[in-house]
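Beneath this line is the structure, given in structure tokens, with notes to follow.
These numbers come from the heavy atoms of this one structure, side chains and all, not from hydrogens, waters or symmetry mates. Just follow the structure's listing: the first ligand is 1, and inside any ligand the first atom is 1.
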Amino acid sequence: MLDFSYHMPVKIMWGQQIIAKEGANLKRFGRKAAIVTGKTSAAKSGALADIVAVCGKNGQSFQVFNSVKNDPPTGNVIDIALEINQFKPDFLIAIGGGSVLDAAKVIAILLTNGISLDTIWQSPKNKPLPLVVVPTTAGTGSEVTPYAVLTDSVSETKKSVATELIYPKLAFLDSSYTDSMPIDVTVNTAIDALSHLLEGFFAKRANNMSDIYAIEGMKLLAKAMPSLSKGEFTANCREYLLAGSLFGGLTIAKTGTTLVHALGYSLTYFHELAHGKANGLLLGAYLDYINKSLPQKVMLAVNTLGFAELSGLQTFLSELYTVKLDLTTREIALYVEKALRTSNIENTPGKMSGYVLADILERSVN
Ligand code: NAP
Ligand code: ZN
């Protein structure tokens, strides 16, 4: 019997020059926009100029706040919220990678619920400010997820804010904004999307509906896999990657992520590995474990991604990343302990234990 619920409140507008074509959709959010970005990517990608032009055309005023850091720390998000609060915007527009989108999701909550560290981790009582997002990376799918991931120095890890209230209202997706990504950011973000599709497909919370997104996303990524190895990206390939990322987001919005993300957070927090790279290092060993409990589903994913055997996908990943961290026994124990505290582990199929997690870490990065 089928048994699931489905809710996706984000209006997705997709296509080349989509902001110029559909910019009038911004009018319904109010007269004053706070544009939230990182240091350079919003400008480099061309998205900032397009948003500014449309705001002008719509008669909307705006101010740019460009200090979101990668893997945004809670303090960074609070500082930007305090600054934006002086401007009293009607709505927010986030232009950037997952870091910027996630920071803006939390800022939207802080502006209507009080700006403090405690507010970040509590369920919001008031509706956040409306949020419009323009992704400039192709990986996180944050434009369609109810999550925002922040770096928390108190618990020394990355933690998610998860509430349906932080779904953006509108997402403009134009793959030309991802053209300016350097090769390493392109590869790392693509592998994050791959990780969402695989983890979401195998998650205990997966259902018939999320599986459709996962399989479709894998078909799209399959077309871009050879480019990831070569480091050469055509406009078509950029579009496949952005669509694969979107489908990954649609998948994990329902399923959540699993073990790979839970362990990957420590590799980012303690070793400064980019989020997608941390996941990519762990995927090969993780798949060996999943293959024990879901061999048919693993084979379907492997084939959909364009490989004949699981070992083909594992070789592809190991050739992409050759990082060795030589973690000590103590480090492994700490990262395993942190991962075991997350709900991601319960969501991972098979018999998960500290021993299994330690083995996956050891095989992946030592
Ligand atoms: P990112 O941290 O947003 O960006 C990485 C780097 O790429 C930044 O230096 C950024 O520059 C640059 N960049 C972005 N777009 C560019 C472009 N078009 N051209 C040139 N440079 C560009 O990377 P991300 O992988 O997209 O996001 C990772 C974050 O998202 C992590 O914190 C992760 O935990 C989170 N995440 C969230 C979800 C979710 O559902 N909410 C899912 C997965 C991951 P600037 O500094 O100038 O912006
Ligand atoms: Zn991710």
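If you check which protein heavy atom lies closest to atom 39 (C) of ligand 1, you get T145 OG1, 3.4 Å. Closest protein heavy atom to atom 32 (O) of ligand 1: K158 NZ, 2.9 Å. The protein non-hydrogen atom at the shortest distance from atom 8 (C) of ligand 1 is N70 OD1, 3.2 Å. Atom 20 (C) of ligand 1 has its closest protein heavy atom at S180 O, 3.3 Å. Taking atom 1 (P) of ligand 1 as the reference point, the nearest protein heavy-atom neighbour is S99 OG, 3.5 Å. Remark: minimum distance from atom 12 (C) of ligand 1 to any protein heavy atom is reached at S41 CB, 4.2 Å. Summary of contacts: the protein heavy atom closest to atom 37 (C) of ligand 1 is D102 OD2, 3.0 Å. Shortest contact from atom 44 (C) of ligand 1 to any protein heavy atom: H275 NE2, 3.3 Å.
Between the side chains of D174 and S176, at least one donor N or O lies within less than 3.5 Å of an accepting N or O. Under 3.5 Å, the side chains of Q314 and D288 contain a donor-acceptor pair of N or O atoms. Under 3.5 Å, the side chains of Q16 and S175 contain a donor-acceptor pair of N or O atoms. For S142 and D102, the side-chain atoms include at least one donor-acceptor pair closer than 3.5 Å.
The shortest N/O to N/O separation between Y177 and ligand 1 falls below 3.5 Å. Here's the thing with T140: none of its N/O atoms is less than 3.5 angstrom from an N/O atom of ligand 1. Polar contact with ligand 1: present for Y147 (N/O pair, distance under 3.5 Å). An N or O contact shorter than 3.5 Å links T137 to ligand 1 by distance. Checked against a 3.5 angstrom limit, the closest N/O atoms of T189 and ligand 1 fall outside it. For ligand 1, the polar-atom distance check finds an N/O of T136 within less than 3.5 Å of one of the ligand's N/O atoms.
Atom CD1 of residue I115 and atom CG of residue L82 lie 4.5 Å apart, to the nearest 0.5 angstrom. Atoms CG and NZ, on L357 and K338 in that order, are 14.0 Å from each other to the nearest 0.5 Å. With rounding to the nearest 0.5 angstrom, the CG atom of L317 is 5.5 Å from the CD1 atom of I191. Note that CG of D326 is 9.5 Å distant from CD of E331, once rounded to the nearest 0.5 Å. Here the CG-OG1 distance, from N207 to T255, works out to 8.5 Å after rounding to the nearest 0.5 Å. If you take NZ on K125 and CD1 on I109, they are separated by 12.0 Å, rounding to the nearest 0.5 Å.
E216 contributes no side-chain N or O that, together with a main-chain N or O of F247, makes up a donor-acceptor pair within less than 3.5 Å.
Using a 4.5 Å cut-off between side-chain heavy atoms of Ile, Leu, Val, Met, Phe, Trp and Tyr, with links allowed through other members, I12 and Y240 fall into the same hydrophobic cluster.
Distances under 2.8 Å from the Zn ion (ligand 2) pick out the protein N/O/S atoms D192 OD1, H196 NE2, H261 NE2, H275 NE2.
The heavy atom nearest to atom 47 (O) of ligand 1, out of those in T37, T40, I95, is found in T40. For atom 7 (O) of ligand 1, the candidate residues are T257, V185, D192, D71; the nearest heavy-atom contact is made by V185.
Two rings, from Y177 and F172, have their centers 6.0 Å or more apart.
The contact set between ligand 1 and H196, taken as ligand atoms under 4.0 Å from a residue heavy atom, comprises 42 (C), 43 (C). Within ligand 1, the atoms closer than 4.0 Å to a non-hydrogen atom of K39 are 45 (P), 46 (O), 47 (O), numbered from 1 in the order shown. Proximity to G97 (heavy-atom distance under 4.0 Å) selects the following atoms of ligand 1: 3 (O), 26 (O). Every atom of ligand 1 is numbered from 1 in the order shown, and the set under 4.0 Å from a heavy atom of V149 is 34 (O), 37 (C).
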*Between T348 and Y289, does a side chain to side chain contact (heavy atoms under 4.5 Å, CB included) hold up when you go through it step by step?*
CA-CA 10 Å; T348 309; Y289 271 97; over 6 Å; no

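For the pair K158 and Y269, the cation does not sit on the ring face, since its NZ or CZ is not both under 6.0 Å from the ring centre and inside 45° of the axis.
At a 4.0 Å heavy-atom cut-off, ligand 1 touches M181 through backbone and side chain alike.
Partners of F201 according to the ring-ring contact (aromatic ring centres under 6.0 Å, His included) rule, which considers only residues two or more places apart in sequence or in another chain, do not exist here.
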